[in-house]
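One structure is given here, and the rest of the page talks about it.
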Amino acid sequence: MSPRGQEGQGGVEGLGGSADPCNLRYDTDLTGVRTPAVATVRERDVLDVTLHREDPFETAVCRTRPAADIVGSLAGMEGLDQLLGCLRAGHRYEARVIEVDRTRCRVLVERVAR
C-alpha cells in the first residue's frame, strides 16, 4: 500500500497536501488489545497516543482518558517509524475509536493541533 493509503485500509496519509511530515492520519486496528481496558471503550471515544517502552522496544500505544490504561498498540503499519519520530519530537496525537468489541479496536489517529 502506498503511504497515502485510503481510510479503512490501515493507511497513512498527510492531510491537506501539507509538506509537514508529522501531519499524519492513520486508520488502523490496534494490536495486542487489552481486554480490561477495551471493555471500557465505546465508539467515538478519544484515546491518547503515547510512546511506551518495553525494553528493548519502544512503540506507540493508545490509552484511555483519564485513566491512561493501555488499550492496545499501533504496530505493523506503514509509517510507524515516522509516527514514533514525531511523538519523540513532541507532537501530540489522539485516536478516535471507530469500531470496538471485546477483542478488536479500530481507530483513526490524527495529530492534535498545537
Side-chain angles (χ1 to χ4, degrees):
M1 178 186 336
S2 73
R4 296 188 60 82
Q6 296 299 310
E7 213 171 289
Q9 296 178 339
V12 54
E13 59 183 292
L15 300 176
S18 172
D20 181 349
C22 290
N23 197 18
L24 303 172
R25 177 184 175 116
Y26 298 88
D27 179 347
T28 191
D29 285 306
L30 297 181
T31 61
V33 171
R34 298 183 182 189
T35 306
V38 81
T40 68
V41 174
R42 303 289 175 257
E43 287 182 15
R44 295 185 296 279
D45 281 359
V46 177
L47 308 174
D48 291 317
V49 177
T50 65
L51 290 172
H52 181 72
R53 177 166 291 286
E54 287 189 25
D55 286 330
F57 303 103
E58 183 176 54
T59 188
V61 297
C62 291
R63 296 178 179 268
T64 60
R65 290 179 178 175
D69 295 325
I70 296 175
V71 177
S73 300
L74 296 164
M77 57 187 207
E78 187 174 344
L80 178 60
D81 287 339
Q82 187 174 1
L83 174 64
L84 293 174
C86 293
L87 285 166
R88 286 185 205 109
H91 295 273
R92 291 183 47 232
Y93 295 84
E94 61 186 22
R96 184 165 307 277
V97 177
I98 299 169
E99 294 177 51
V100 64
D101 63 34
R102 293 181 309 110
T103 60
R104 180 175 180 241
C105 186
R106 182 174 154 219
V107 296
L108 178 63
V109 176
E110 295 181 288
R111 185 170 65 174
V112 176
R114 288 186 174 194

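Cluster membership check: V112 does not share its hydrophobic cluster with L51, using side-chain heavy-atom separations under 4.5 Å among Ile, Leu, Val, Met, Phe, Trp and Tyr.
A donor-acceptor pair under 3.5 Å is formed between the side chain of Q82 and the backbone N or O of P21. Put simply, the side chain of Y93 never gets that close to the backbone of L83: no donor and acceptor are under 3.5 Å apart.
L24 has its side chain out of reach of V109: every pair of non-hydrogen atoms, C-beta onward, lies at least 4.5 Å apart. Counting only heavy atoms from C-beta outward, the side chains of T59 and E54 never approach each other to under 4.5 Å. Annotation: side chain of L74 is in contact with side chain of V49 (closest heavy-atom distance under 4.5 Å). At a threshold of 4.5 Å between non-hydrogen side-chain atoms, the residues H52 and S73 do not count as touching. Annotation: side chain of I70 is in contact with side chain of R63 (closest heavy-atom distance under 4.5 Å). With contacts defined as side-chain heavy-atom distances shorter than 4.5 Å, the pair R111/D20 qualifies.
Remark: R44 pairs with no residue by the side-chain hydrogen bond (donor to acceptor under 3.5 Å, both in side chains) rule, at least two apart or across chains. Under the side-chain hydrogen bond (donor to acceptor under 3.5 Å, both in side chains) criterion, R92 pairs with no residue, sequence neighbours left out.
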Could you go through the side-chain contact (heavy atoms from CB on, under 4.5 Å) check for T50 and V61 one step at a time? CA-CA 6 Å; T50 65; V61 297; 3.4 Å; yes
Does the pair R104 and V33 meet the rule for a side-chain contact (heavy atoms from CB on, under 4.5 Å), with working shown? CA-CA 7 Å; R104 180 175 180 241; V33 171; 5.9 Å; no
For the pair C86 and C22, evaluate disulfide (SG to SG under 2.5 Å) and give the outcome as yes or no after the intermediate values. CA-CA 6 Å; C86 293; C22 290; 2.0 Å; yes
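Using a 4.0 Å cut-off between a side-chain N of Lys or Arg and a carboxylate O of Asp or Glu, R25 and D27 do not qualify as a salt bridge.
T64 approaches A37 most closely through the heavy-atom pair CG2-O, 4.4 Å. Of all heavy-atom pairs between V100 and E43, the closest is CG1-N, 3.9 Å.
In the displayed structure, R102 atom CZ is contacted under 6.0 Å by at most 12 heavy atoms of other residues, nucleotides or ligands.
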